[in-house]
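Given the structure is predicted, the values throughout are model-derived calculations rather than measurements.
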Amino acid sequence: MTEIKDTVNHDADKDSNGDNHFGFQSVKTEDKAKMVRDVFDNVASKYDIMNDAMSLGVHRLWKDSLIDTLKPFPGMSHIDVAGGTGDIAFRVLDAVRKKTDDPEKLAKTNIAITDINEQMLNVGRNRAIDRGDMNQFKFFVGDAETLPVEANTYDSYTIAFGIRNVSRIDVALRDAYRILKPGGRFLCLEFSEVILPYLAELYDKYSFQLIPKLGEIITQDRDSYQYLVESIRRFPKQEAFTTMIKDAGFEKVSYRNMSGGIVALHSGWKI
Ligand SMILES: C[S@@+](CC[C@H](N)C(=O)[O-])C[C@H]1O[C@@H](n2cnc3c(N)ncnc32)[C@H](O)[C@@H]1O
């Protein structure tokens with residue numbers, strides 16, 4: 001059986017020697033972004049199918065919960081970072097549409113989707129075209145650490161299952177703070193620490209034994225999904241990540257566990 005606990009360092013995004021990590025592998029910080037980009041290049045076309053298969057569709061509920069917390073409104077200016085194939089951005093627009101069908105108000109609603117990976121964005125663009133919504137979104141390539149966006153631009157910033165892939169998480173959090181308007185909200189959905197002991201054991205077995213196999217069958221890429229499960233274990237626990245969000249300048253910082261801590265929704269405000 002895969003040995004998990006001894007190799008895990010939940011409380012840091014760097015190794016003790018200052019290097020970064022790619023799953024359980026130690027890598028140089030400057031190499032990590034390219035390795036992550038390769039992972040998502042490989043899986044982009046099957047990414048959405050794999051999400052449903054791995055989570056048995058539950059990722060949809062986690063994402064819906066993020067949107068319920070965000071409470072999108074007509075005329076808002078929103079950015080979804082590490083937005084991949086557009087799932088969060090589409091939900092933001094759907095929530096706005098529930099509040100208004102006035103074309104003028106919809107035209108003033110500005111929803112940006114950015115990602116370091118062009119292939120993932122291309123899948124997202126195609127989905128937006130299929131929805132007939134291409135005009136509602138602005139897609140652009142951007143690294144969460146250095147977004148090509150002016151300070152104080154957005155009312156809200158979301159990042160779902162993206163931040164654990166970022167090489168320097170503290171830098172990305174500070175950039176999130178920079179581009180939010182005063183009063184703006186930061187929301188991050190990320191895999192976290194399972195807090196129910198019986199579930200933790202089951203989840204470990206499921207993650208390490210089944211997910212890479214599913215990856216192999218569905219995407220013919222076992223390694224990318226091995227990285228996925230390892231990167232989840234390397235990500236800081238709920239409390240440690242809460243501290244990082246506070247350190248970036250956010251206030252009223254809180255989090256909520258979902259599915260026993262498999263995922264946590266973190267929130268902070270720029271005040
Ligand atoms: C697991 S996917 C999540 C996609 C989408 N947010 C979702 O919830 O379905 C992670 C995404 O993070 C992107 N990513 C990784 N590192 C990034 C970085 N430094 N800046 C921006 N995006 C990044 C990847 O390209 C990938 O699309």
Side-chain angles (χ1 to χ4, degrees), residues 11-13 59 62-84 86-96 109-116 137-193 231-232 235-258 261-271:
D11 295 329
D13 66 336
H59 76 104
W62 296 327
K63 288 170 178 170
D64 287 347
S65 204
L66 179 154
I67 299 299
D68 288 346
T69 305
L70 179 65
K71 297 184 182 60
F73 58 90
M76 79 190 297
S77 194
H78 178 77
I79 185 163
D80 184 45
V81 177
D87 261 11
I88 299 297
F90 299 156
R91 280 173 169 75
V92 171
L93 180 61
D94 291 343
V96 169
T109 305
N110 164 22
I111 304 173
I113 307 171
T114 185
D115 198 287
I116 202 170
F137 301 108
K138 181 179 167 201
F139 286 87
F140 61 92
V141 173
D143 185 328
E145 292 181 19
T146 49
L147 290 168
V149 172
E150 279 181 25
N152 307 318
T153 297
Y154 290 103
D155 296 307
S156 44
Y157 173 121
T158 50
I159 182 161
F161 307 113
I163 202 145
R164 72 171 188 285
N165 300 296
V166 171
S167 306
R168 294 174 303 167
I169 294 171
D170 54 339
V171 176
L173 290 171
R174 285 202 298 276
D175 210 47
Y177 187 87
R178 180 186 69 81
I179 68 170
L180 277 168
K181 292 177 189 169
R185 189 169 201 183
F186 167 83
L187 283 174
C188 173
L189 199 56
E190 191 50 90
F191 292 108
S192 204
E193 189 197 29
S231 66
I232 290 171
F235 188 69
K237 292 179 189 177
Q238 288 86 332
E239 291 298 333
F241 188 50
T242 297
T243 302
M244 291 177 81
I245 298 171
K246 285 182 185 161
D247 288 348
F250 288 101
E251 293 187 39
K252 290 165 70 180
V253 177
S254 61
Y255 72 85
R256 179 156 57 84
N257 286 322
M258 297 182 201
I262 291 178
V263 162
L265 177 61
H266 290 264
S267 166
W269 296 83
K270 175 171 174 177
I271 295 181

Less than 4.5 Å apart, side chain to side chain, heavy atoms only: is that true for H78 and L70? yes
Shortest non-hydrogen contact between K181 and N152, atoms and distance: CG-O, 3.4 Å
Looking just at side-chain N and O atoms, do S77 and D155 make a donor-acceptor pair shorter than 3.5 Å? no
Using 0.5 Å steps for rounding, measure from the CD1 atom of I67 to the CD1 atom of I88. 5.5 Å
Do the ring centers of F241 and F235 come within less than 6.0 Å of each other? yes
So which atom in F73 and which in V96 form the shortest heavy-atom distance, rounded to 0.1 Å? O-CG2, 3.8 Å
Y255 and side-chain hydrogen bond (donor to acceptor under 3.5 Å, both in side chains): which partner among E239, E190, Q238? E239
Any heavy-atom pair between the side chains of D170 and D247 that's under 4.5 Å? no
Pair D175 + R178, salt bridge at N-O below 4.0 Å: yes
Looking only at heavy atoms, which two atoms of I113 and G83 are closest? And how far apart? CG2-CA, 3.9 Å
For K138, does the NZ atom sit with more than 12 other heavy atoms under 6.0 Å from it, leaving out its own atoms? no
Nearest non-hydrogen partners of Y154 and A112, listed with the distance: OH-CB, 3.5 Å
Nearest 0.5 Å, please: how far is CG in L265 from OG in S192? 11.0 Å
Please test M258 against L189 for side chain to side chain contact (heavy atoms under 4.5 Å, CB included), starting from the C-alpha separation and ending with a verdict. CA-CA 10 Å; M258 297 182 201; L189 199 56; 3.9 Å; yes
Please check this pair: side chain of T114 against backbone of G142, looking for a donor-acceptor N/O pair closer than 3.5 Å. yes
Once you round to the nearest 0.5 Å, how far does CZ of R185 lie from CE of M76? 10.5 Å
Shortest non-hydrogen contact from A144 to V166? CB-CG2, 4.0 Å
In this structure, CZ of F139 is separated from CG of D80 (nearest 0.5 Å) by 10.0 Å
Pair L187-Y157, side chain to side chain contact (heavy atoms under 4.5 Å, CB included): steps then yes or no: CA-CA 6 Å; L187 283 174; Y157 173 121; over 6 Å; no
Can you spot which of L180, T153, I179 makes a side-chain contact (heavy atoms from CB on, under 4.5 Å) with I79? I179
Which heavy atom of F186 sits nearest to which heavy atom of A176, and what is that distance? CD1-CB, 3.9 Å
So W62 and F161, would you call those rings parallel, tilted or perpendicular, with 30° and 60° as cut-offs? tilted
Assess whether side chain to side chain contact (heavy atoms under 4.5 Å, CB included) is satisfied between H266 and V253, documenting all intermediate values. CA-CA 7 Å; H266 290 264; V253 177; 5.9 Å; no
Are the ring centres of Y177 and F250 closer than 6.0 Å? yes
Quick check for you: to the nearest 0.5 Å, what is the distance between L147 atom CG and I116 atom CD1? 10.0 Å
Rounded to the nearest 0.5 Å, how far does CG of L66 lie from CD1 of I159? 11.0 Å
